[in-house]
Number of protein chains: 2
Amino acid sequence: MDRMDTRRTRGAGPDLAAVARLLADGTRAAFCLALLDGRAWTATELARHAGVAPSTATEHLHALVRGHLLTEERQGRHRYVRLAGPQVAELVESLASLAPEHRPAPRSLSADGRRRALAHARTCYDHLAGAVGVAVTDAMIGRGLLDPAHGLGLTGAGAAWLADLGIGVPPGTRRPSVRPCLDWTERRPHLAGAVGAALCRHAFDAGWITRVGSTRAVAVTPAGRQALHRHLGLPGDLLAGR
Amino acid sequence: MDRMDTRRTRGAGPDLAAVARLLADGTRAAFCLALLDGRAWTATELARHAGVAPSTATEHLHALVRGHLLTEERQGRHRYVRLAGPQVAELVESLASLAPEHRPAPRSLSADGRRRALAHARTCYDHLAGAVGVAVTDAMIGRGLLDPAHGLGLTGAGAAWLADLGIGVPPGTRRPSVRPCLDWTERRPHLAGAVGAALCRHAFDAGWITRVGSTRAVAVTPAGRQALHRHLGLPGDLLAGR
DNA sequence: GGGACGTTTCGGCGGGCGCCGAAGTGTCCC
DNA sequence: GGGACACTTCGGCGCCCGCCGAAACGTCCC
């Protein structure tokens, strides 16, 4: 029997495998995890982040762009890449959530700490996730700012609340203003979409939250605790972390 | 520089890549797509389905079980495997939804037809998805059988409605009785969880829907159209497909 | 123009891994 | 017991592909 015949593994096969193969490499996976912060990175930044030569990074980025997981944007001698969309971010998140690191009974103490920090509060693409993200969403529903009956649509009161905080939501965006996004720790929808992104950006700008090191985990600052208590009635102990 | 140092690709790397690598092979992907019907398959069935030797299938199944994507159950000389849970099914679905086959502007006419059939109605793990699945869920919300305010919880009227149809939902199950599941065609939650599974099973048993060939696509039968119109008020033309 | 720098292309190397067939183990049933 | 059958283990083959460094290309800025 001809060998070529049996080697359909890498060649034809279901298209599903082609997408998975893009994320099956440690370096490309590291790129996507880094890009999960929603920002655009240059090729060199990603190369240094993952610890590979620039030429290697170029090849990986080509593959990811060709596979429609990333979009690129050239500016002068720089090449910026970002995740191609929320679906890609969700895919990366759900892959990570099935990894051994996030399975019950974690191995090491440091891994456990990392896991808990991420479960508490983190960015998911461009909005807040984790226990804090879910708590914020629940509080907004409880105060009538979001309408759970219409896919977490923004109510009139919600729009006023945002305006009151000085949070503007770009109206021209194609994305639905709010969109539920399942959380891997809570398995419950939380606030994504344009509103979620705007809220998250404001929380960073106003110093409510800060990034923990260079990870996706975030910490709620004392000012953030105060603000979230005043504006949403969230209890201080929930936001204290741990 | 030592070569071992730079070869962290396959070895260490982010755990995300390890999960993706399990689905990055055409044969393993074919296994998971087949298992997406929610049933348990034997190793030999899967081997024949994917066109590989039994020994090859064994190795793949070991990898998938070790990676917690599949669970196994030995019965006599048979080894049954099934997807490890709804999260895995969702992962496989979202990988497939990002594959070129499901991207806008499909290539061939046959691929287009397949795509449309799947978009219309299909099984997703153990419940209904596609336009029909979403329509059923919407109708149930509209009739007060599901409560969108509590994560698509079953209302009292909903429980009575199910009982009236003779649909029993196993109470001992750990899974939440209803659970939203995002649809790749509609990008909207539809009815999953124990209730979704029971409803889907009943629809098959009562002859409301039938499988199209050996794919995951399903067709609504004339009897099914009648039943869905009577019990949920769904219009006949929506269910006619195409 | 010329140097600095971000990015790309290309060759070459080497390990990982998916494939098979043959032989071995366990289960079922006559 | 003995044969059929589902599954597993093992050895070997060969391709895929990720890695690098060197050199080329573009852009920017002095």
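Model, not experiment: these values are computed from the prediction. Order of the sequence lines sets the chain letters (A, B, ...), proteins ahead of strands, with each chain counted from 1.
- The distance from atom CG of A:D25 to atom C1' of C:dC17 is 14 Å, rounded to the nearest whole Å.
- Looking at heavy-atom distances under 4.0 Å, B:R74 makes contact with sugar-phosphate atoms alone, never a base.
- Put simply, CG on B:L46 is 13 Å from C1' on D:dA6, counting in whole angstrom units.
- Rounded to whole Å, atom C1' of C:dT9 lies 15 Å from atom CG of A:L61.
- Of the side-chain N and O atoms in B:T58, none sit less than 4.0 angstrom from OP1 or OP2 of D:dT9.
- At distances below 3.5 Å, at least one donor-acceptor pair connects side-chain atoms of A:T221 with backbone N or O atoms of A:W208.
- Among C:dG18, C:dC19, C:dC10, the nucleotide with an atom closest to any side-chain atom of A:E59 is C:dC10.
- Ion pairing between B:R39 and B:E45 fails under the 4.0 Å rule for side-chain N and carboxylate O.
- Checked against D:dT8, D:dC19, C:dG6, the side chain of A:H78 finds its nearest nucleotide in C:dG6.
- Here the CG atom belonging to B:L83 is positioned 9.5 Å from the CG atom belonging to B:L33, to the nearest 0.5 angstrom.
- Note on B:H60: a side-chain N or O is less than 4.0 Å away from OP1 or OP2 of C:dC19.
- In this structure, A:G76 and A:P54 both approach DNA chain D, and ranking their closest nucleotides by distance from the 5' end singles out A:P54.
- In this structure, of D:dT9, C:dC19, C:dG18, it is D:dT9 that holds the atom nearest to the side chain of B:H62.
- Interface remark: the A:S55 side chain does form a donor-acceptor pair with the D:dG21 base, using a distance-only criterion of under 3.5 Å.
- Close to C:dC20, at under 4.0 Å from its OP1 or OP2, lies a side-chain N or O of B:T56.
- Judged purely by atom type and a 3.5 angstrom limit, A:R28 uses its side chain to pair as donor or acceptor with the backbone of A:L22.
- To the nearest angstrom, P of C:dG6 lies 11 Å from OH of A:Y80.
- For the pair A:L64 CG and C:dT8 P, the computed distance is 13 Å after rounding to whole Å.
- Closest contact between the side chain of B:R21 and the listed nucleotides C:dC17, D:dC19, C:dT8 involves C:dC17.
- Closest to the side chain of B:R77, from the set C:dA22, D:dG18, D:dA4, is D:dA4.
- Look at CZ on B:R79: it is 9 Å from C1' on D:dT8, rounded to the nearest Å.
- The shortest non-hydrogen separation linking A:A47 to A:A57 is CB-CB, 3.6 Å.
- Regarding B:E73, its CD atom lies at a distance of 16 Å from the P atom of C:dT27, rounded to whole Å.
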